[in-house]
Amino acid sequence: MIRTRFAPSPTGFLHIGGARTALFSWAYARHHGGEFILRIEDTDVARSTSEAVQAILDGMRWLGLDYDEGPIYQMRRMDRYKAVIREMLESGSAYYCYTAPEELDRVREAQRAQGLKPRYDRTWRPETGKTLPKPPDGVRPVVRFRNPLDGVVAWDDLVKGSIAIDNAELDDLVIARADLVPTYNFCVAVDDWDMNITHVIRGDDHVNNTPRQINILKALGAPIPRYGHLSMILGDDGQKLSKRHGAVSVMQYDENGYLPEAVLNYLARLGWSHGDDEIFSMEQFREWFDLDHITPSAAQFNTEKLDWLNAHYLREADNMRLAALLAPRLAALGVTLLQTPSLEAVVALYKERVSRLDQLADEVKVFYAPLEPDPDALARHLTPDALPALKDFAARILEVDPWDAPSINALVKDCLKAHKLKMPKLAMPLRVLLTGREHTPSIDGVIALFSRETVLERLKPAGVG
RNA sequence: GUCCCUAUCGUCUAGAGGCCUAGGACACAACCCUUUCACGGUUGGUACCGGGGUUCGAAUCCCCGUGGGGACGCCA
């Protein structure tokens, strides 16, 4: 049984990089009929917040990434960690270290100054025949892992291929702080073991942690899962994602008018490919997903392509669903919906013209809010030669039956013919008068959305209503 | 500084030694469609980081540079 996990630390929102990690981990489990576990790594008590936990949960739900177990909170597993640490202390794979943090800083600084890799000097590491210093009074020790001194830790990375790191490069890392709270690398190892994780799919900022975790797992006599390290996502500007460079919550994409299926499709395609396929459903993604086609190098986020995908999914989306998504947006704009036109009908006509929901809201609002036609646009299109035709149109509007686009189109054409005008001559002033905009869908369809009365009402500024 | 990872159009990518005169998508440009703007259609330009090998043959394998990224915490 394949079991994967997504293990964020609740120190901030779920950003796009984390979302992709979750997505790939989820997809791997789902593709193989395995299980996906959500684990909250909250051992950094100072920075973890319940708001962040909620933000992660919200993000996962919005994306539709369901998990079979969890959320499992590490802070609730303290007893287990402490028991393991005790065992390691007893078996000699861990030891107490009394070096003060300030002293550590001094040593590291000196090492750096010499061009060395900063590392713990192993003062308190027990060795046969070595006499340890006397523990100073009143100092609460940390617990360190007794990392092997030589040899290499190697694994066949699922996305990057074989990676080998010398044990000589590794430190005797702290596995429990002075306050007894265990640290990341240790908890991950214990959890992955306890939770029977078979495949660890995570960001490649963890490549350097992998040998440490493997060593701990080995010391524990635990099986070693397979590891796959995903490259990171760079911002739109090619810079590392940060607050300054587009690191925003996935929920921000919701607010910005993106559909989850568009974000999902975009993320799936960022750093993973299935031939030339660009647009695919989550079902297809689950079916196709594999680790062999993941790009090992970093990928730059491209908002324009996301927009393109979102426009596609907007066009595909059900009108009723879009109307429901739009209603609160319109309310936020201070727009009160009317009986006519129905939001669904407007959406049906406009959804293929925009790439985001906020743009759709902006287009749609003119159907419900009073209009003040732009004088410049009016001057441009409400030309003297168009006026008679417009008047004609207004006068005959009550004859139109049924009140639908084809009949309206017939009347428009009639008026054009009678006054020997071309379509734009009449369509443009109608657009501006009815919607305040110069760009709209086909004018007959737009007119059909309104009632006859509203049309006449809106034609009044032209003096023909 | 040390260690690790990485490198195909502006961007995301296809590419597992001959199918590559390097394909697709976004973006861009032109044209077509047209009732404005979109959509759609057609066409076009733009890329294998550099240098050495290996091989009959290299975008693909190896080495060295260079660029980019990551890590070096009582953060995760």
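Chain naming here is simple, since letters A, B, ... match the order of the sequence lines and numbering starts at 1 in each.
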### Query
Is a donor-acceptor contact shorter than 3.5 angstrom present between the side chain of T440(A) and the base of U36(B)?
no
### Query
When rounded to the nearest Å, what value does the distance between C1' atoms of C33(B) and C39(B) take?
11 Å
Using a cutoff of under 3.5 Å, can you pull out all pairs of nitrogen or oxygen atoms linking the protein to nucleotides 45-47 of chain B, with atom names and distances?
none

### Task
With the side chain of S9(A) defined as its heavy atoms from C-beta on, choose the nearest nucleotide among C72(B), C26(B), A76(B).
A76(B)
### Query
Taking only side-chain nitrogens and oxygens of S273(A), does any of them come within less than 4.0 Å of OP1 or OP2 of A14(B)?
yes
### Query
Where the side chain of N208(A) is defined as all heavy atoms beyond and including C-beta, which of G70(B), A7(B), C12(B) is the nearest nucleotide?
G70(B)
### Message
Checking contacts here: which listed nucleotide (G15(B), G40(B), C12(B)) is nearest the side-chain heavy atoms of H293(A)?
### Response
G15(B)
### Query
From G70(B), G1(B), U35(B), pick the nucleotide closest to the side chain of R431(A)?
U35(B)
### Task
Ignoring backbone atoms, establish whether R108(A) has a side-chain N or O less than 4.0 Å from OP1 or OP2 of C72(B).
no
### Task
Would you tell me if any nitrogen or oxygen in the side chain of T43(A) comes within less than 4.0 Å of OP1 or OP2 on A76(B)?
yes
### Query
Taking atom types as they are modelled, is there a donor-acceptor pair under 3.5 Å from the base of G70(B) to the side chain of D204(A)?
no
### Task
Using only side-chain N and O atoms of T295(A), determine if any of them is under 4.0 Å from OP1 or OP2 of U13(B).
yes
### Query
Between the side chains of D307(A) and Y258(A), is a donor N or O closer than 3.5 angstrom to an acceptor N or O?
yes
### C28(B) to C3(B) separation - P atoms, rounded to the nearest Å
45 Å
### Task
Taking only the side-chain heavy atoms of I163(A) (C-beta and beyond), determine which of C5(B), G70(B), A25(B) contains the nearest atom.
C5(B)
